[in-house]
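Since the model is a prediction, treat every value here as computed from it, not as a measurement.
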Number of protein chains: 2
Amino acid sequence: MGLALAETAELHQSRRRAGRPPQALLSSARITKAALKLISHDGYKGLTMAALARSLNVAPSALYNHVRSKQDVLLLVEDHLMGRVNVSAFATEPWDAAVASWARSYRDVFAAHLPLIPVIALLPVTNAPATITMYEAVTNGFLRAGWAPESVIDAVVALESFIYGSAYDVNAPADIFDAGTLAPQAPHFSEAVEQRGVGACAAAARSNDADAAFTLGLKAMIAGLAATLGPGTV
Amino acid sequence: MGLALAETAELHQSRRRAGRPPQALLSSARITKAALKLISHDGYKGLTMAALARSLNVAPSALYNHVRSKQDVLLLVEDHLMGRVNVSAFATEPWDAAVASWARSYRDVFAAHLPLIPVIALLPVTNAPATITMYEAVTNGFLRAGWAPESVIDAVVALESFIYGSAYDVNAPADIFDAGTLAPQAPHFSEAVEQRGVGACAAAARSNDADAAFTLGLKAMIAGLAATLGPGTV
DNA sequence: ATTCTAAATGAACGGCATTCATTTAGTGAA
DNA sequence: TTCACTAAATGAATGCCGTTCATTTAGAAT
């Protein structure tokens, strides 16, 4: 009788009595997966500890047996996504093409996950295995191209800085530079905004403003970095 | 008697009876100033609508007669800070030196105000007069250096992207690249992190890691942008 | 005068991350 | 086997946060 009652309750309301369940309901992997699904459905505003728990059919407080804070959840998601950054070009392409490919992939992944950028940029990579794997592949690509070990990290950080900022730019509204009623006070700026990209050069296909700026900046930085290290190095 | 009581109450508890006061207590300027003071004392975690109201000796709901939301407060602060970005070099220095000066100033201002970066990067500049003034000065600097009007905004956006990312980097902890127990799985990366900046080149004074990466990236991007526009242009 | 609007109070509201006491299930040592 | 310990769940409670709303009062406009 008691057993039947418990089973019935489980089926009907998915209610569960207190206490440790026979087999664990949660794990880092399950939490990560549920968080990603939640984000893809409702965005980051939908990622709350309560919603996450609900999607895992668990009480919110249960999550805290597996993560210390919501920041920990974000770190799990971040490291998972870092695995989607494409570093394969470093194995096949010359340095400049490989950097361009990696950077674009990196930007595209995190343009869809802006709230993670402070997490990546500010939190140590300790215990973020996919992130470390990514850095190892990039470092190897730089070293193989002849970069001095003491300069690699600075160069990667510079590129990452540009990538993070560009990820924000992808999400900027089209009218971000519309000065509105203040336009007369900034005539040259307003004119430049209107003229932006007219007669789009053939080389860089101008699919949209963010891509054009990213392409321009990336090309400049790669060329500039190559030149910094000596013209014959790369 | 009634009057005396009210005055006493005002002195002792700064309590105020309901209703519109004889002269306005709040304004955009006062709110901005109070927010900045609050931020400089307690950081952005201390910037709450309740704390802001308290520092202005006002009820929290009173703020909503002057701003639509907390985002509005952030926008006020952002525009105020944009006035601190130094664009004076565009009037005196050649293009590359002026860009370098502006970019460093820009980064330094917002490195101390990271939570504003999403606000700058994502919100239209409409009704942000200081921000528009800054863009006008920068645009003029580019045009005077011979830049084509249709390319100016893309170049500025590319530089800004790098600046925003670099502002994050300033706030990264020193051990951000410490792989911890996973170091053996990324030997070249770990080695490069250790070797970072050894024998710091004489040219770029290496005050710290973030400055070194910023200096390297900025130099590269400026050189690359100048080259993109044709070697003789600048 | 009367009406309208601006600007304040104070009491609520719902949502959020997090904590804690409690319960239950497995694990390892005596 | 028993007993202590630890892991993993519940559910109630906490405190903070941004925001809304009814209300009150003061000045401005008709």
To the nearest angstrom, the CD-P distance between Gln23(A) and dT27(C) comes to 12 Å
Side chain to side chain donor-acceptor pair (under 3.5 Å) involving Asp79(A) - partner list, sequence neighbours excluded: Thr131(A)
To the nearest angstrom, how far is Asp42(A) atom CG from dG15(C) atom P? 14 Å
Partner of Leu218(A) under side-chain contact (heavy atoms from CB on, under 4.5 Å), chosen from Thr215(A), Leu216(A), Ile222(A): Ile222(A)
Extract all donor-acceptor atom pairs below 3.5 Å that involve side chains of residues 31-42 of chain B and protein atoms in other chains or at least two apart in sequence.
unit_1   : atom_1 : unit_2   : atom_2 : d
Thr32(B) : OG1    : Ser28(B) : O      : 2.7
Ser40(B) : OG     : Lys37(B) : O      : 2.9
His41(B) : ND1    : Lys37(B) : O      : 3.4

In residues 24-36 of chain A, what residues come within less than 4.0 Å of DNA chain D, judged by heavy atoms? Ala24(A), Leu25(A), Leu26(A)
OP1 or OP2 of dA9(D) under 4.0 Å from side-chain N/O of Arg16(A): no
Salt bridge (Lys or Arg N to Asp or Glu O under 4.0 Å) against Asp108(A), all qualifying residues, sequence neighbours excluded: none
For Leu63(A) and dC16(C), what is the distance between atoms CG and P respectively, to the nearest whole Å? 14 Å
Whether Phe162(B) and Phe214(B) hold their rings parallel, tilted or perpendicular, with breakpoints at 30° and 60°: parallel
Quick one: is dA8(C) close enough that its OP1 or OP2 comes under 4.0 Å of any side-chain N or O from His66(B)? yes
Go through the structure and list residues passing side chain to side chain donor-acceptor pair (under 3.5 Å) with Tyr135(B), not counting sequence neighbours. Glu160(B)
On the 0 to 90° scale, with breaks at 30° and 60°, tag the Trp102(B)-Tyr106(B) ring pair as parallel, tilted or perpendicular. tilted
Within the sub-3.5 Å range, which N or O atoms of nucleotides 17-21 of chain D have a protein N or O partner, and how far apart are they?
unit_1  : atom_1 : unit_2   : atom_2 : d
dG18(D) : OP1    : Lys70(B) : NZ     : 2.8
dG18(D) : OP2    : Met49(B) : N      : 2.8
dT19(D) : OP2    : Tyr64(B) : OH     : 2.8
dT19(D) : OP2    : Lys70(B) : N      : 2.8
dT19(D) : O5'    : Tyr64(B) : OH     : 3.4

Check step by step if ring-ring contact (aromatic ring centres under 6.0 Å, His included) holds for Tyr164(B) and Tyr168(B). CA-CA 7 Å; Tyr164(B) 299 152; Tyr168(B) 278 109; 8.9 Å; no
Check: Asn65(B) side chain, dA8(C) base, donor-acceptor under 3.5 Å: yes
